[in-house]
Amino acid sequence: MIDHFVLPVSDVEASKAFYKAALAPLGYTLAFEDFSDSTGELAIAGFSAASKCDFILRKETTRTVAIHVAFVATDRSQADEFYKAAMASGGRDNGAPALCPEYHAGYYGGFVLDPDGHNIEAVCHEERGRAQ
C-alpha cells in the first residue's frame, strides 16, 4: 500500500488551484502548504482525502518526465465529476470518461493532462454495476 505520493510541478500555485478543483469530487481537500524560505513562493502543497496527507505537489526547477497518477473513484459518476472539474479548471482532455475494456470489463476511467502535462486519471473498477 502506498502511504503518499509527491508529484513534481513547475508552478505550485497553478497546480494547487487545478488539483483543488479536480480532486474535490473525489473527496480531496488542501491539507497543508509550505513556503520557500528563500523566495517566499509556495513550494509544497499537500492534499488529503482522509486523516493524512497522501498527495503532495512539490516545486521542481528542472523539467521532469510526465507521469501517470490514477485516483480511485467510488463509482462512475464520481469519475465523470472529476473529469468535468479537471477540464473546467484548466485540464486538457486525454480521454473522456468511458469503459476501457482493454484493461478489464469493468474498468471505467477519465483522463486529463494537468498544467505540467502529467496524465491524471479517476478510475472506477466496476463489474456489473458494483464497485470492487
Side-chain angles (χ1 to χ4, degrees):
M1 181 178 292
I2 295 173
D3 182 73
H4 65 275
F5 185 82
V6 178
L7 185 69
V9 298
S10 60
D11 182 338
V12 179
E13 282 289 352
S15 292
K16 177 185 81 170
F18 171 80
Y19 283 102
K20 242 178 126 170
L23 297 181
L26 304 178
Y28 276 81
T29 58
L30 183 65
F32 79 91
E33 297 175 304
D34 186 23
F35 291 83
S36 169
D37 291 334
S38 61
T39 66
E41 291 180 5
L42 184 61
I44 299 173
F47 292 83
S48 174
S51 61
K52 69 172 187 62
C53 181
D54 60 6
F55 181 67
I56 302 164
L57 307 172
R58 183 179 64 213
K59 179 153 180 78
E60 294 292 332
T61 56
T62 58
R63 178 69 179 133
T64 59
V65 174
I67 61 171
H68 177 107
V69 177
F71 290 90
V72 173
T74 57
D75 56 35
R76 292 177 184 181
S77 66
Q78 199 176 52
D80 294 340
E81 290 305 313
F82 155 82
Y83 179 82
K84 289 177 196 170
M87 293 298 291
S89 64
R92 291 174 285 147
D93 175 53
N94 200 31
L99 283 170
C100 303
E102 64 272 24
Y103 302 135
H104 68 71
Y107 195 109
Y108 186 87
F111 305 82
V112 296
L113 298 177
D114 80 353
D116 285 287
H118 297 299
N119 182 19
I120 309 302
E121 173 187 8
V123 59
C124 176
H125 300 277
E126 290 187 351
E127 201 63 48
R128 294 181 207 92
R130 289 190 329 188
Q132 295 183 352

remark   = With F55 as partner, the option from L26, L7, V6 fulfilling side-chain contact (heavy atoms from CB on, under 4.5 Å) is L7
query = Do you know which two heavy atoms are closest between C100 and G109, and how far apart they sit?
reply = SG-N, 4.3 Å
task = Could you check E41 against V12 for side chain to side chain contact (heavy atoms under 4.5 Å, CB included), going step by step and ending with a plain yes or no?
result = CA-CA 9 Å; E41 291 180 5; V12 179; over 6 Å; no
ask   = So which of V9, D116, D114 actually passes side-chain contact (heavy atoms from CB on, under 4.5 Å) with L57?
value = V9
inquiry  = Ignoring hydrogens, what is the shortest heavy-atom contact between A31 and C53? Give both atom names and the distance.
reply    = CB-CB, 4.4 Å
key: For Y103, all residues meeting side chain to side chain donor-acceptor pair (under 3.5 Å), sequence neighbours excluded   = none
request  = Examine V72 and Y19 and state if one hydrophobic cluster contains both, with Ile, Leu, Val, Met, Phe, Trp and Tyr joined whenever side-chain heavy atoms are less than 4.5 Å apart.
outcome  = no
inquiry  = Tell me whether K16 contacts the main-chain N or O of L30 through its side chain, where contact means a donor paired with an acceptor under 3.5 Å.
reply    = no
message = Please determine whether residues F71 and M87 belong to a single hydrophobic cluster, defined as Ile, Leu, Val, Met, Phe, Trp and Tyr linked transitively by side-chain heavy-atom distances below 4.5 Å.
response = yes
message = Please find the pair of heavy atoms, one from A66 and one from G117, that lie closest to each other, and give the distance.
response = CB-O, 3.4 Å
inquiry  = Please tell me whether V112 and F5 are part of a single hydrophobic cluster in this structure, the criterion being side-chain heavy atoms less than 4.5 Å apart.
reply    = yes
task = Decide whether F47 and L42 are clustered together by the hydrophobic rule: side chain heavy atoms of Ile, Leu, Val, Met, Phe, Trp, Tyr closer than 4.5 Å, transitively.
result = yes
ask   = Does some side-chain heavy atom of D80 sit less than 4.5 Å from a side-chain heavy atom of Y108?
value = yes
message = Tell me the closest heavy-atom pair linking D93 and Y83, and the distance in Å.
response = OD1-OH, 2.5 Å
task = Before giving the answer on side chain to side chain contact (heavy atoms under 4.5 Å, CB included), spell out for K84 and E81 the whole-Å C-alpha distance, their side-chain angles and the decisive distance to 0.1 Å.
result = CA-CA 5 Å; K84 289 177 196 170; E81 290 305 313; 3.4 Å; yes
inquiry  = Distance check, rounded to the nearest 0.5 Å: E33 atom CD versus E13 atom CD?
reply    = 6.5 Å
key: Minimum-distance pair of heavy atoms, taken over all atoms of F82 and G110   = CE2-O, 3.7 Å
task = Flag yes if Y28 and I56 sit in one hydrophobic cluster, no otherwise; membership is Ile, Leu, Val, Met, Phe, Trp, Tyr, and two members link when side-chain heavy atoms are under 4.5 Å apart.
result = no
request  = Check A85 against A21 and note the closest heavy-atom contact, atom names and distance.
outcome  = CB-O, 3.3 Å
key: Trace of the side chain to side chain contact (heavy atoms under 4.5 Å, CB included) decision for N119 with I67   = CA-CA 6 Å; N119 182 19; I67 61 171; over 6 Å; no
